[in-house]
Structures are given as C-alpha cells and as structure tokens.
There are 2 protein chains.
Amino acid sequence: MLAKAVAILRAFAVDDTDLSLAELVRRTGLHKATAFRLCAQLVELRLLEKSAVGYRLSAGMFELGMRASVERSLLELAMPFLQDLYERTHEVVHLGVREGHEVVYVAKLGGHRQVRSPSRVGGRMPLHCTALGKAFLAYDADLRREVLGGPLTRRTPHTVVEPRRLSRQLATVRQQQVAFEREESALGLTCVAVPVLDRLDRPYAAISLAGPTTRFRPENHQHALRAAGAAVGALVARRQSTSGDGMSAPGTSPGR
Amino acid sequence: MLAKAVAILRAFAVDDTDLSLAELVRRTGLHKATAFRLCAQLVELRLLEKSAVGYRLSAGMFELGMRASVERSLLELAMPFLQDLYERTHEVVHLGVREGHEVVYVAKLGGHRQVRSPSRVGGRMPLHCTALGKAFLAYDADLRREVLGGPLTRRTPHTVVEPRRLSRQLATVRQQQVAFEREESALGLTCVAVPVLDRLDRPYAAISLAGPTTRFRPENHQHALRAAGAAVGALVARRQSTSGDGMSAPGTSPGR
DNA sequence: ACGAGCGTATCGTTGAGCGAGACGAAGTGC
DNA sequence: GCACTTCGTCTCGCTCAACGATACGCTCGT
C-alpha cells in the first residue's frame with residue numbers, strides 16, 4: 001500500500017505539473033478506485049494537492065525533500081562557492097550527487113539566457129556521458145568497474161560507448177583532476193567538472209560548468225573549478241570528522 | 001498506514017540528519033515494531049536510507065521534493081533574478097511561498113559570511129514577523145483577516161504583536177510596495193521584501209534581502225527588489241495565461 | 001554481573017486496503 | 001439528438017497484510 005502511494009508520487013516526471021487521475025492510473029497501472037483513494041489520502045497528508053485539472057505535488061513534498069540531510073547540508077556548504085563560480089564565469093553551474101549509476105542534480109545556477117541544457121534540479125543523467133558523472137567514475141574504482149562492465153547507452157553521436165576509450169579518458173581525468181564532456185549528453189553542450197572529495201578521498205559530490213560548444217572554453221575555468229571543488233571538499237571533510245558517523249557516503253545503493 | 005509512514009518522514013526536522021529508530025518512536029508515538037517495519041519499507045522505496053547511526057531522508061526524497069511543480073518552476077523562473085540581486089548587493093537573498101499562515105523558504109542565496117539567520121531552504125517562519133510574510137499579508141485581504149484575527153506570537157522584543165499596529169504597517173507596505181522587518185523574527189536581522197504578484201495580482205511568492213542590522217540598509221535595495229519582483233511576476237503571469245489551469249494558487253490550505 | 005536501552009524477529013488477530021462494479025456528468029462523433 | 005466513451009466518485013463484500021504484544025540478543029554504562 002505504501003508502495004502504491006509512492007508509485008503515484010513517482011508518476012510525476014520532472015516536467016509534469018498536473019496529472020489527472022486517469023493519467024495516474026495509466027502510468028502506475030493501479031486500479032482506478034485504488035488510485036482515487038490513495039490520492040485522496042495523499043491530499044489529506046498534504047503531499048499532493050488537487051488542482052483544477054488534477055493532482056500536483058504540493059509544497060509539503062518540497063519541504064520534505066529539502067530535509068534530505070545529505071543534499072541539504074551539501075547545498076548549504078557549497079552554495080557560496082557555486083555563487084562565486086557563477087559570478088566569475090557567468091556560465092551555468094551545476095552541483096550533483098551520485099545515486100546508483102546516475103547523477104542527481106542538486107543545484108543549478110545560470111543566467112537569464114540559460115543554455116538549452118537537459119539538466120534540471122532533481123533530475124537525473126547517466127554517469128558515463130556527463131562531466132559530473134565522469135568526475136565520480138574517475139575517483140571511484142568500484143563504481144567504474146560496475147559501469148564499464150554494463151552497457152553504455154548512446155545519447156548523441158559523440159557519446160563514448162567504448163569501455164576502453166572511456167577508461168582511458170577517466171585515467172586522464174585523474175591526472176588532470178578535471179573531467180570534460182563534449183556534446184556527449186546533448187548536442188551543442190560542453191561541460192567541465194571536478195569531484196568534491198570527502199575525508200577518505202571518495203567522491204562525495206561534483207561541481208561542473210556548462211556552456212554552448214560554440215563559445216564555451218572549459219580550459220579557462222579549470223583552475224577556478226578545482227579550487228571550488230577542493231574548498232567544498234575541505235568543508236565536507238571537516239563536517240564529517242567533527243559531528244558524525246564517519247562511514248556513510250551518499251548513494252551507496254547499486255544501480256536502479 | 002500511509003499516515004504513519006508520513007509521520008515518520010515528517011519526524012525529521014530541518015536540522016536533523018540521522019535519527020535512530022528509538023528516537024523516531026519517541027517523536028511519532030508509534031509502536032516500535034511498527035516503526036521498524038515502516039522504516040524498512042521506506043528504505044526499500046528509497047525514501048529513507050539506513051546510516052551507521054540510524055535513518056536519514058535519502059536522495060530519492062530530495063528528488064521527489066524537487067518535482068513539486070509550483071516550487072520547482074518558480075525556482076527556475078526566479079533564479080536568474082535572485083542571482084542578479086545577489087550579485088548586485090552581496091546580501092542574503094530569499095525566495096518564499098506561502099503555505100497556511102507560514103512562509104516556506106524555496107531558495108536562499110548568500111555569501112560565505114552568511115548572516116546568522118534562522119531561515120533555511122525548506123524551513124518555515126510565521127507570516128507576521130518576517131518581511132516575506134508581510135509581503136503576502138499586505139496583498140491578500142482574506143489572509144490578512146485570518147492572521148490579524150488569530151494570536152500573533154512574539155519572537156523577539158521587536159515583534160509586532162498588536163493587530164492594529166501590524167495592520168497599519170501593512171497599509172504602508174501597499175503604499176511603498178516594499179515590506180520591512182527590523183529584528184522582529186531574530187535579533188540583529190533586518191529584512192526587506194517584495195511580493196511576486198500573479199496574473200490576478202495575488203501574491204504568488206515573495207523575494208527578500210536580509211542582512212545584519214548594524215550594516216544593512218534596506219532602503220538602498222528597494223528599487224532593485226521591486227524590479228526583480230515585477231520581472232518574476234511577469235514571467236509567472238505569462239506562464240499562467242499560456243499553458244494552464246488559471247485558478248490555482250500555491251498554499252490554498254488554511255492554517256496548519 | 002546486572003540492567004537499561006536498542007534493534008530485530010515471530011505470530012495470531014482483525015481491521016483496513018483491495019478491486020469489481022455501478023453511477024452520473026461531461027464530452028465526442030455522427 | 002443519440003449512442004458511445006472517458007472521467008471522477010462511491011459502495012460493498014472479501015481477503016490479506018498491517019498491527020502490536022512479546023521475546024531475544026546485543027551493547028553499553030556502572
């Protein structure tokens with residue numbers, strides 16, 4: 001029953017606003033009466049709200065999401081540095097964590113003329129075709145083995161789908177301490193990223209800059225990015241060593 | 001059963017990270033076995049994760065929260081303007097929506113030396129003692145009646161708890177089109193806010209700047225704030241008139 | 001050595017969730 | 001104007017899964 005309720009909540013995609021009961025039934029495969037009852041309960045619990053055209057995720061849901069400890073505290077720690085980055089470059093700045101074999105965007109700063117990028121806060125992208133993802137892969141051997149073992153889905157003509165070539169790229173990432181992505185997840189989009197390493201040098205998060213290939217020169221921003229990554233990493237490490245458990249990293253769960 | 005699960009999720013406060021099972025039992029009043037079972041299920045559903053010391057809200061929760069339509073789209077619309085504000089002022093910038101008789105913070109931009117402010121993204125504050133809240137109250141007669149009717153809780157010696165005095169302040173807000181708060185929610189903190197009005201001139205959200213009373217001169221930022229509020233309002237209105245229902249505002253539910 | 005507090009597991013009972021189905025309203029095509 | 005579909009809402013028995021009492025093993029602190 002809980003599972004069904006969550007299925008309803010998860011039926012909402014990143015760019016959905018309102019879904020009708022019928023649409024929810026279609027997406028979840030639940031019985032109409034069941035979905036109806038659950039929706040009513042979720043409204044009661046203020047996770048959904050009923051709108052003119054159907055149901056939508058409510059502010060209560062947003063609130064709960066923002067209480068997710070890892071993401072929220074990471075966000076608070078990193079925001080000042082992300083803002084600095086934006087102010088210096090005026091390019092799109094991303095902050096992401098890993099969950100399974102995907103990166104989840106935790107923050108996105110960008111100007112009025114945002115690149116038509118596929119990223120959205122709360123959205124997901126595969127690891128192997130994004131700069132953020134490569135930053136995670138380069139610094140996590142276990143993860144690398146898993147991902148290089150599985151299939152690498154192609155997103156654009158430039159996506160690196162050959163494991164050996166990707167592996168070589170990742171070695172370069174470790175050398176240079178920056179990861180690049182050149183139109184591998186979306187055409188026209190170039191990215192550069194650094195990992196945020198925790199106390200044990202595991203990638204805790206990653207920060208990237210993105211811009212249109214035509215104009216964006218990732219090399220110009222390597223230094224600033226590395227500095228930001230290191231600074232946030234230091235803060236994360238400090239927080240870990242003082243008040244804390246010590247051994248839990250975000251997103252330890254395997255692939256979805 | 002759903003209700004109990006949500007109770008567990010809601011047991012996590014804004015600044016909790018990990019809660020033990022015992023602590024969850026204490027806060028929710030649930031039976032130990034029940035809480036245990038529900039936590040296991042929630043972990044299964046990837047809304048919770050088990051850490052070394054207990055449970056924490058997971059990235060899956062964050063993801064869901066970010067799919068909340070009103071907050072997410074508002075965030076995307078407003079972010080560029082909030083960044084401009086920050087860049088111009090280098091003061092703490094807030095974006096909030098209303099839910100019931102409280103304001104929920106949707107975004108917060110601030111520098112490295114953030115004011116020791118009580119606001120956190122996803123957190124709540126009463127309407128009557130914050131600049132953001134006054135922006136909502138000033139532009140919503142029904143709401144104003146409700147709040148002025150009820151008790152106004154005192155947060156600091158400067159909190160305005162006299163309905164008539166607050167009412168006069170709100171009239172001034174409408175005249176000047178900016179709301180002020182001077183140490184009414186926290187000592188040492190001064191704020192100034194504007195509403196984001198939708199197509200029907202209802203307050204859809206609000207934007208504020210905050211800083212330490214010692215240094216922060218809210219008057220200097222009125223113009224920039226008003227401009228930002230109007231710009232975001234225009235975007236909101238445009239989105240409403242094109243693809244949309246037309247009649248739903250965020251937080252239509254009455255008090256908590 | 002002892003007891004308190006905690007997480008985990010078992011189990012019988014029962015109440016709550018389930019899906020089939022009915023129904024009215026609103027829309028669509030002819 | 002009528003037949004037909006789609007949608008949201010509600011009712012009602014049946015069954016299964018959620019519930020809480022209880023027990024157990026573990027780790028502390030004293």
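Reminder, nothing fancy here: chain letters follow the sequence lines and each chain counts from 1.
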task = Would you mind classifying the nucleic acid contact of B/A33 as base, sugar-phosphate or nothing, using non-hydrogen atoms under 4.0 angstrom?
result = base
request  = Please round to the nearest 0.5 Å and tell me the distance separating atom OG of A/S20 and atom CZ of A/R26.
outcome  = 6.0 Å
From C/dG19, D/dC7, C/dT8, nucleotide with atom closest to A/H31 side chain = C/dG19
query = Taking atom C1' of C/dG15 as reference, at what distance in whole Å does atom CE of A/M1 sit?
reply = 14 Å
message = What is the separation between atom CG on B/L30 and atom P on D/dA21, rounded to the nearest whole Å?
response = 12 Å
inquiry  = What is the separation between atom CZ on B/F36 and atom P on D/dC19, rounded to the nearest whole Å?
reply    = 14 Å
key: Rounded distance in Å - CD (B/E23) to C1' (C/dG7)   = 15 Å
query = Any side-chain heavy-atom pair from B/M66 and A/F62 closer than 4.5 angstrom?
reply = yes
ask   = How long is the line joining OH of A/Y55 and P of D/dC7, in whole Å?
value = 14 Å
key: d(CZ, B/R27; P, C/dC6) in whole Å   = 13 Å
key: Interatomic distance where CG belongs to B/L21 and C1' belongs to D/dC26 [whole Å]   = 15 Å
message = Just so I know, are the side chains of B/L95 and B/V232 near enough to count as touching, which here means a heavy-atom distance under 4.5 Å?
response = no
task = Anything under 30° is parallel, anything over 60° is perpendicular, the rest tilted; go ahead and classify A/H112 against B/F81.
result = perpendicular
key: Side chain of B/K32 (C-beta onward), nearest among D/dG20, D/dT9, C/dG7   = C/dG7
query = Under 4.0 Å: is that the gap between some side-chain N or O of A/T34 and OP1 or OP2 of C/dC18?
reply = no
ask   = Across the strands shown, which category fits A/K4 at heavy-atom distances under 4.0 angstrom: base, sugar-phosphate, nothing?
value = sugar-phosphate
ask   = Which heavy atom of B/Y139 sits nearest a heavy atom of B/R144, and at what distance?
value = N-NH1, 4.2 Å
ask   = What is the distance, rounded to the nearest whole Å, between atom CD of A/Q41 and atom P of D/dC10?
value = 14 Å
remark   = Ranking A/L2 and A/R26 by the position along DNA chain D of their nearest nucleotide, the one closer to 5' is A/R26
message = Side chain of B/L38, heavy atoms from C-beta onward: which of D/dG8, D/dT9, D/dC19 has the nearest atom to it?
response = D/dC19
ask   = Phosphate oxygens OP1/OP2 of C/dC18: is one of them under 4.0 Å from a side-chain N or O of A/R37?
value = yes
